[in-house]
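Beneath this line is the structure, given in structure tokens, with notes to follow.
Just so it is clear, the model here is predicted, and its values are computed rather than measured.
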Amino acid sequence: MKIKTGLIVLTILFSASFAFAEYGLGGDAGFNSSLFIEKEGEPALGISFRSDESPWCVTAFAEPFDSTAGIFLDNWFVYEKAGSLLEFFTFWGAGLSGDYYGNSLYFGPRLGIGLDMFLSENRNLEFYLQGAWHPRFGYKKNNDFEFSFKPFSIPVNGGLRIWVR
């Protein structure tokens, strides 16, 4: 009983912290490359969420032609101005992806860089472009389970976020 009450209190406090925060929600588009080592490079579409109260950025995506979906969770640990509206960031994080049918699942760390630009002085519309090194471990189910390691996965994506203030 104490565990349930504690989880409920933590959930309420976490949710309440966003009540006073400014947050950005937007569309995302990109592709995944393996530096021409494998045939890869399917386009991806997604949504991203970021708050001014947290260094974390969450992106959920789908690769419709490859029947794959996943999520990236990135921590922007360096966020510096590069001009009046342009900012530079670096991040670390993790990604999880798999196909729609449960025949594959991949997980791995991420390390990346990006540019972030607010398109107006009131900072309501944000454009970003980022790339990450994302080595992945996982399995693919054929007749048997086939475990694999993809050391050169480089997702590149960009998008627009609208900020609610």
Side-chain angles (χ1 to χ4, degrees), residues 22-120 123-163:
E22 297 175 354
Y23 57 90
L25 182 65
D28 188 89
F31 66 94
N32 187 19
S33 172
S34 288
L35 298 177
F36 309 106
I37 294 172
E38 299 175 8
K39 182 196 170 291
E40 210 171 335
E42 295 291 332
L45 299 172
I47 58 171
S48 69
F49 174 79
R50 203 177 126 216
S51 167
D52 69 342
E53 294 292 321
S54 172
W56 294 96
C57 181
V58 178
T59 303
F61 67 91
E63 296 175 358
F65 300 113
D66 196 25
S67 300
T68 302
I71 190 165
F72 295 140
L73 179 62
D74 298 324
N75 182 309
W76 293 21
F77 66 93
V78 171
Y79 191 63
E80 298 290 332
K81 285 204 173 279
S84 63
L85 298 176
L86 186 66
E87 293 159 348
F88 166 81
F89 61 92
T90 60
F91 61 90
W92 64 270
L96 177 70
S97 64
D99 71 358
Y100 298 160
Y101 315 107
N103 293 327
S104 67
L105 184 67
Y106 292 95
F107 174 79
R110 288 169 47 88
L111 184 61
I113 60 173
L115 291 174
D116 189 26
M117 181 171 52
F118 285 90
L119 302 176
S120 65
R123 300 174 67 91
N124 286 338
L125 188 60
E126 172 191 20
F127 171 76
Y128 64 95
L129 182 63
Q130 67 185 28
W133 174 54
H134 179 47
R136 300 180 296 160
F137 305 88
Y139 75 87
K140 191 172 199 172
K141 184 168 58 170
N142 296 329
N143 294 335
D144 289 331
F145 283 102
E146 176 185 315
F147 291 96
S148 67
F149 173 57
K150 297 183 177 193
F152 297 110
S153 178
I154 312 263
V156 174
N157 58 324
L160 287 173
R161 279 190 206 98
I162 297 174
W163 281 81

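Considering CG of Leu105 and CG of Leu96, their distance stands at 5.0 Å, rounded to 0.5 Å. Between the CG atom in Asp116 and the CD atom in Glu80 there is a gap of 12.5 Å [rounded to 0.5 Å]. For the atom pair CE of Met117 and CG of Leu125, the computed distance is 9.5 Å after rounding to the nearest 0.5 Å. Interatomic distance, Asn75 CG to Trp56 CH2, rounded to the nearest 0.5 Å: 4.5 Å. Here CG of Leu86 is found 11.0 Å from CZ of Phe118. Values are rounded to the nearest 0.5 Å. To the nearest 0.5 Å, atom CZ of residue Phe88 and atom CD1 of residue Ile113 are 5.5 Å apart.
Between Tyr128 and Gly27, the shortest heavy-atom distance links the atoms OH-O, 3.7 Å. Listed here is the closest heavy atom pair of Asp74 and Ala94: OD1-N, 4.3 Å. Glu63 and Ala44 make their closest contact through CG-CB, 3.8 Å (heavy atoms, listed as atom of the first residue, atom of the second, distance). Shortest non-hydrogen contact noted between Cys57 and Trp76 is CB-NE1, 3.5 Å. Closest approach of Pro43 to Phe65, counting heavy atoms only: CG-CD1, 3.7 Å. Contact between Ser67 and Tyr101 at its shortest, heavy atoms only, is OG-OH, 3.8 Å.
Partners of Ser97 under the side chain to side chain contact (heavy atoms under 4.5 Å, CB included) rule, at least two apart in sequence or in another chain, are Phe61, Thr68, Tyr106, Arg136. For Asn157, the side-chain hydrogen bond (donor to acceptor under 3.5 Å, both in side chains) test picks out Asp28, Gln130, with sequence neighbours left out.
A cation-pi arrangement is found for Arg50 relative to Tyr79, the charged atom lying closer than 6.0 Å to the ring centre and inside a 45° cone about the ring normal.
Taking the six-membered ring for Trp and thresholds of 30 and 60 degrees, His134 and Phe72 have ring planes more than 60 degrees apart, a perpendicular arrangement.
Counting only heavy atoms from C-beta outward, the side chains of Pro55 and Phe77 never approach each other to under 4.5 Å. Contact annotation: the side chain of Lys140 never approaches that of Ser148 to less than 4.5 Å [non-hydrogen atoms, C-beta and beyond]. Within the 4.5 Å cutoff, no side-chain heavy atoms of Ile71 are placed close to those of Leu73.
The environment of Leu119 atom CG is dense: over 12 non-hydrogen atoms of other residues, nucleotides or ligands sit within 6.0 angstrom.
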